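Scope of the values below: all heavy atoms of this structure, side chains included, with no hydrogens, waters or symmetry mates. Nothing here was measured: the structure is a model prediction, and the numbers come from that model. Labels below follow one simple rule: chain letters A, B, ... track the order of the sequence lines, proteins then strands, and each chain is numbered from 1.
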Amino acid sequence: MLAGRCYRGTRISLEVAPLLQEPHPSSLLRISSNNSSQITCQRLLESRLISALDGCDCLPRLKHVHGHLIRAGLDQSSFLLAKLLRTLTNLDLPMDGYARQVFDQVRQPNSFLYTALIRGYALQGPTQLAFGLYTRMRLNETPPLTFTFSALFKASAGSLDARVGAQVHAQIVRLGGFDLDLYVNNTLIDMYIKCERFQDARKAFDAMPHRDVLSWTSLIVGYVRRGKMEEATELFDQMDEKDMVAWTTMITGNAQNRRPGDALQVFQQMWSMGIETDDVTLVGAISACAQLGSLRYGRWLRYIARQRGFDQNVVVGSALVDMFAKCGSLDEAREAFDMVKEKNVFTYSAMVVGLAMHGCALPAMQLFEEMVNSGTVPNGVTFIGVLTACSHAGYVDRGRQYFSTMREKYEIAPTADHYACMVDLLGRAGHVEEAFDLIQHMPADISLHGGVWGALLGACRLHGRPHIAEVAAKHLFALEPDGIGNYVLLANIYASAGMWGEVVRVRKMMREKGLKKNPGCSWVEAKDGRLHEFYASGKTHPRDSEIMTVLEGLLERLKQSGYVPILRCVLYDIGDREKQQLLKMHSEKLALAFSLIDTTHGSVIRIAKNLRTCEDCHLFFSLASKVSGREIVLRDNMRFHHFEDGLCSCGNFW
DNA sequence: GTAGGGTTAG
C-alpha cells in the first residue's frame, strides 16, 4: 500500500519498492511458513528487533538493541539499519556521530539507508551534510527515492537557504517522474516559502498535476508571511476542501497581520460549520482577541479552551494570560497563569508584562524573582516587562540594576526597545538630561527607532525641557512623519511652557502635512454586550441628556469631596470657565457617566480610550471610584489604570 | 511522511 502510494509513476522507485513491502511483523510469520526453518528463525529475530526498535525512547536503549543486531549477524541488513537510523533521528537527538558510525559500517548502503541518514541531517543538522551524502549517493549510482528529495528539501528549508534545494529541484525536473509526486512537491513548496522565495513556490504550485489541502495551505502561508491577506483570503475561498489546519492558518494569519476582527470572523465561521478546534486554532483566536481587547469574547474562548482541557497547555495558557491582561482583567490573567503547570519563559513574560502594564510594579518584580528561582531563564521580553514596571513606579535604581543584570548575568544584548524603556524610566523620574545622554551614547550597532525618541519626548511633556523636546521631535518627525501624536505632544510641551508662538508653528506644520488630530474617543461594553462609543464634547449618544444629568450629579458630589478641576490640562489659551467646560466633556468622563447608568451594579466598570488619559480625568476617576463604590479599569493607549476606593494602581505616577 | 502556535516599549 505504501509503495503504491509513494512510488506511483516513477521508474527508479519500482526497483526498490519490493523492499518496502517485506517486513511488517504480522506478515513475517505468514511468509516464513512457506520457507525453510532457518529463514523462519531469521525472520522472527528481525521481527523482534523491529518491535524493539519501535520501543526505543532513549539513546542507551537504542545502542543496546543495535548490539543485539550486530550479534545476530544482521549488521548489514539495510532494512533494520534504516529503521534504526530513523528511530535515532526521531528521538530528537543531535546527530552526534553515532548515526554516522552505524551508516559507515555498512559495506553497500542502499537507497533507504542513505535516505534515513539524509533525513536525520535534515531534521537535526548539520544540514549541509545531507547534501554531501546525496552527492555520494548519486556518484555510487544508488537510485534516489521520493523520501530522499523531500528530506533534501527539508534540509534546505531548515538552513533557510533554498539555493541547493533549487538545484535539486532542477535535477528532478530533468530526471522526470519525481516532479509529479505530491509529497515531493509539498515539501518543495514548503522549502521555498520558508526561504522566502515566494515566486518559486507559486511556480511549483502551479506546475503540480494534483494538489491537496496541504499544497494549498502551504501557499497560503506564503501569502500570510508576506502580509498579503487579501490574496491569502482569495486562495482560501477557492479551496474545495478545507481542514482544521487550513482554517487555523487564516485565523493565525489575520491575527499576525494585525487584523484581529477578520481573525475572529474566520474563527466564528469555522465554529459555526462545526469544524473541530484544537490548541493551535485557539491560540490564534485568543491572540486576535487580545488585540481587540474584548473581554466578553475572551471569556468565551477560555470556555472553549477549558472544555477541551487546553487551558493547561503552556502555549494556550500563555496566550490566555496575555489576552486577559490586555482586556483589563488582571485577576483572570493570574487565574490562567496558575492553570499552567509547566510554565515557560512565555508564560512568565506574559504575566510580568501584564502586571507592569497594569501598574503593579512590585508584583511584577516579585514574579520575576519567582521565575528565576524556578529555573526559568528570562529573555529580552521579560526584561521589557520588569523595566516597564520599574518605570511606571519610579524605581530608577532597581531599573538600572535590571538593565545591567540582563547584560552581565544573562548575556542578553539590550535592543533599542530596552533603551526605550531605560529612557522612559530615567525621563519619567525627572532625569531628562541623563536619558538624553543615554541615547547619545547608545552602541552604534543598535538602530534607533521611534520608541526611544518618543520616550524622551514623553519625559519632556512631564518635566518641561522644550529644547530637548525639539531635538527628540526632529528625530521623531524623520522616523515617523505621519505620527500625529508626536506633533500633538510637541505642541503641548510648548503650550505648557507658554511658548505660544512655537505652538502655532507646530500646528502649521501639521496643517501643511494634512495631519488631523485624532478626536478623543472612549468605549464601554453595556449590559447587553454592545459596545458604546463616546467622543469628546460629544452629544452623539442617544441617551445623551440622561448621561449629562448623571455627569453633572457626579461632578457635584466630587466637588463636595474636594475635587478641583486641573485646568492646566487644557492646552488652549482660553478662559477658566471654558477650560472647565472642555474638561467636563472628555470622552472617558462621558463613558463613565454612561457606565453608572447601564452596567450591572457592583460589577467592574471597564472603559477603553484611544488616546492617553489626562491628569484631570485621572483625578476624576480616582474620586469617582470612592464616591460610587465601584471598581473602575481604564485602558488608555499606553496602559491600564485600576481605580478602587479613591486610589489608582499606578500610584498617580504614569 | 508533508501544512497552522504564545510574550515587547513612547
[N] OP1/OP2 closer than 4.0 Å to side-chain N/O of [X]:
X	N	result
R428(A)	dA9(B)	no
R612(A)	dG10(B)	no
H475(A)	dG10(B)	no
K194(A)	dA3(B)	yes

Reckon [X] touches a base, only the sugar-phosphate, or nothing at all at heavy-atom distances under 4.0 Å?
X	result
T248(A)	base
K326(A)	sugar-phosphate
R225(A)	sugar-phosphate
S391(A)	nothing
V221(A)	sugar-phosphate
V224(A)	nothing
N313(A)	base
N344(A)	base
L476(A)	base

If I take atom [atom1] in residue [X] and atom [atom2] in nucleotide [N], what distance separates them, rounded to the nearest angstrom?
X	N	atom1	atom2	value
R308(A)	dG5(B)	CZ	P	20 Å
I439(A)	dA9(B)	CD1	C1'	13 Å
N254(A)	dG5(B)	CG	C1'	15 Å
Y348(A)	dT7(B)	OH	P	19 Å
Y183(A)	dT2(B)	OH	C1'	5 Å
D322(A)	dG5(B)	CG	C1'	13 Å
R202(A)	dA3(B)	CZ	P	20 Å
W216(A)	dT2(B)	CH2	P	22 Å

Does the distance from a Lys or Arg side-chain N to an Asp or Glu carboxylate O, for R400(A) and E434(A), drop under 4.0 Å?
yes
Proximal nucleotide (of [options]) relative to the [X] side chain:
X	options	answer
L214(A)	dA9(B), dT2(B), dG4(B)	dT2(B)
V353(A)	dT8(B), dG6(B), dG10(B)	dT8(B)
T217(A)	dT2(B), dA3(B), dG6(B)	dA3(B)
V315(A)	dT8(B), dG5(B), dT2(B)	dG5(B)
S218(A)	dG5(B), dA9(B), dA3(B)	dA3(B)
N486(A)	dA9(B), dA3(B), dG10(B)	dG10(B)
S287(A)	dG6(B), dA3(B), dT8(B)	dG6(B)
D424(A)	dT7(B), dA3(B), dG10(B)	dG10(B)
T187(A)	dT2(B), dG6(B), dG5(B)	dT2(B)

Qualifying residues under salt bridge (charged side-chain N to carboxylate O under 4.0 Å, His left out), relative to [X], sequence neighbours excluded:
X	value
R635(A)	none
R86(A)	none
K326(A)	D322(A)
E615(A)	R568(A)

_Check this for me: does the side-chain of T249(A) come within 3.5 Å of the base of dG4(B) through a donor and an acceptor?_
no
Whether the side chain of Q256(A) and the base of dG4(B) hold a donor-acceptor pair under 3.5 Å is what I'd like checked. no
### Query
Can you check whether W247(A) and F236(A) have ring centres sitting under 6.0 Å from each other?
yes
Would you say the ring centers of Y134(A) and Y114(A) fall short of 6.0 Å from each other? no
To the nearest 0.5 Å, atom CG of L301(A) lies from atom CG of L320(A) at 8.0 Å
Here the residues of residues 449-459 of chain A within 4.0 Å heavy-atom distance, strictly under, of DNA chain B are G450(A), G451(A), G454(A), A455(A)
Contacts under 3.5 angstrom, residues 286-295 of chain A side chains, donor-acceptor by atom type, not counting sequence neighbours:
from: Q291(A); atom 1: NE2; to: A255(A); atom 2: O; distance (Å): 2.9
from: S294(A); atom 1: OG; to: Y297(A); atom 2: N; distance (Å): 3.2

Is it possible for you to check whether R226(A) lies under 6.0 Å from the centre of the six-membered ring of F198(A), through NZ or CZ, and within 45° of that ring's axis?
yes
